[in-house]
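Chain letters run A, B, ... following the sequence lines, proteins first, then strands; residues in each count from 1.
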2 protein chains.
Amino acid sequence: MLNHMVEQSAHLDAVFHALADPTRRAMLGHLAERELTIGELATPFSMSFAGASKHVKVLENAGLVTRTIRGRTHHCRLQAARLAEADAWLRRYQRFWTERLDTLEALLRAEDEAKGSSKGSSKATARKK
Amino acid sequence: MLNHMVEQSAHLDAVFHALADPTRRAMLGHLAERELTIGELATPFSMSFAGASKHVKVLENAGLVTRTIRGRTHHCRLQAARLAEADAWLRRYQRFWTERLDTLEALLRAEDEAKGSSKGSSKATARKK
DNA sequence: AAAAAATTAAACCGATCGGTTGACAGTTGG
DNA sequence: CCAACTGTCAACCGATCGGTTTAATTTTTT
């Protein structure tokens, strides 16, 4: 029932590790547009097939990519559920950065008022704690 | 104006790398409640001071923590702006997982109807933004 | 002044990382 | 069947990781 929420720590390890490499993030960026083979994923980085293959394996291992073998080509597809898990983890902290943004906004607003006109784009965050 | 959006790739490397370790994620969790010293951060993990010090340095390096030295103690504070950057990166992919979640929701709903539910721990997710 | 406390620095450890190369294997087209 | 194509595997490389221990530094306490 909640099983998909439990024991995500290992998932998060793998997902954040996968995302910590710019090549892999770029690969995900490409996969966001279309399904791609290992070779197609490799070429934009002037990297060996084996190198790209390793990166894809990391992404696959993190559950961010699934592979379909058609003949001799391996077609990779973005699988975003684990990205959602990562995002869910991050959002636990959202109030911190929205708080900060609010105070920043307040500062900017005050600065604006001192200088001239402004635009009021407030977030109206609940003030807790 | 958008300068703070540019060249975050190195930031993202550091942030995602910092988040890829469960000890460091837990440290951030503790720092979300209150400011903590290195020693206070170390104790829950039965880890040496030096070990915790290294983890904090990684978090600091990623811009996720700032340090204030008061006497002989170093007080660490969560700094969430970089978490916001990571979240912003992830949200580029949000449409992929919301698509998936919608189909997942449909599946779970169908399953629930077939079985009859026990606890109503539904997510009540907002379906569009 | 001396001891204790909080922390960093440095050296070290085995494990993993990102990447290459070279050998191997299945697929496809002549 | 053979050659080209696509990809993996295994070995290897230097770098970094997460962690320890020991020594040094600074501040507080006695």
| remark: Rounded to whole Å, NE2 of A/His74 lies from C1' of D/dC9 at a distance of 12 Å

| said: Rounded to whole Å, how long is the line connecting atom CD of B/Glu40 with atom C1' of C/dT7? | reply: 13 Å

| task | Give a yes/no answer on whether the side chain of B/Thr73 brings an N or O atom under 4.0 Å of OP1 or OP2 in C/dA6. | result | no

| query | Backbone N or O of B/Glu35 within a donor-acceptor pair of the B/Arg77 side chain at under 3.5 Å? | reply | no

| field | Gap separating the CD atom of B/Glu40 from the CD1 atom of B/Ile38, nearest 0.5 angstrom | value | 10.0 Å

| Separation of atom CZ in B/Phe49 from atom P in D/dT20, rounded to whole Å | 13 Å

| query | Roughly, in whole Å, what's the span from CD1 in B/Ile69 to C1' in C/dT7? | reply | 9 Å

| said: Within this structure, what is the CG-CG distance for the pair B/Leu90 and A/Leu83, rounded to the nearest 0.5 Å? | reply: 6.0 Å

| request: Check the distance between C/dT7's P and B/Leu36's CG and give it to me in whole angstrom. | output: 11 Å

| note | Taken to the nearest 0.5 Å, the spacing of A/Asp87 CG from A/Gln94 CD works out to 8.0 Å

| query | Under 4.0 Å between a side-chain N or O of A/Lys57 and OP1 or OP2 of D/dC9? | reply | yes

| remark: A/Glu60 atom CD is separated from D/dC9 atom P, nearest whole Å, by 10 Å

| Euclidean distance, B/His17 NE2 relative to A/His17 NE2, rounded to 0.5 Å | 10.0 Å

| message | Each nucleotide in nucleotides 14-24 of chain C should get exactly one letter: B, S or -. Can you fill that in based on protein heavy atoms under 4.0 Å? | response | ---SSBBB---

| task | Take atom CG of A/Leu41 and atom P of D/dT6, then tell me their distance rounded to the nearest Å. | result | 14 Å

| message | Please verify the inter-ring angle class for B/Phe16 with A/Phe16; under 30° counts as parallel, over 60° as perpendicular, anything in between as tilted. | response | parallel

| Distance-only donor-acceptor test, A/Arg72 side-chain atoms vs D/dT6 base atoms, 3.5 Å | no

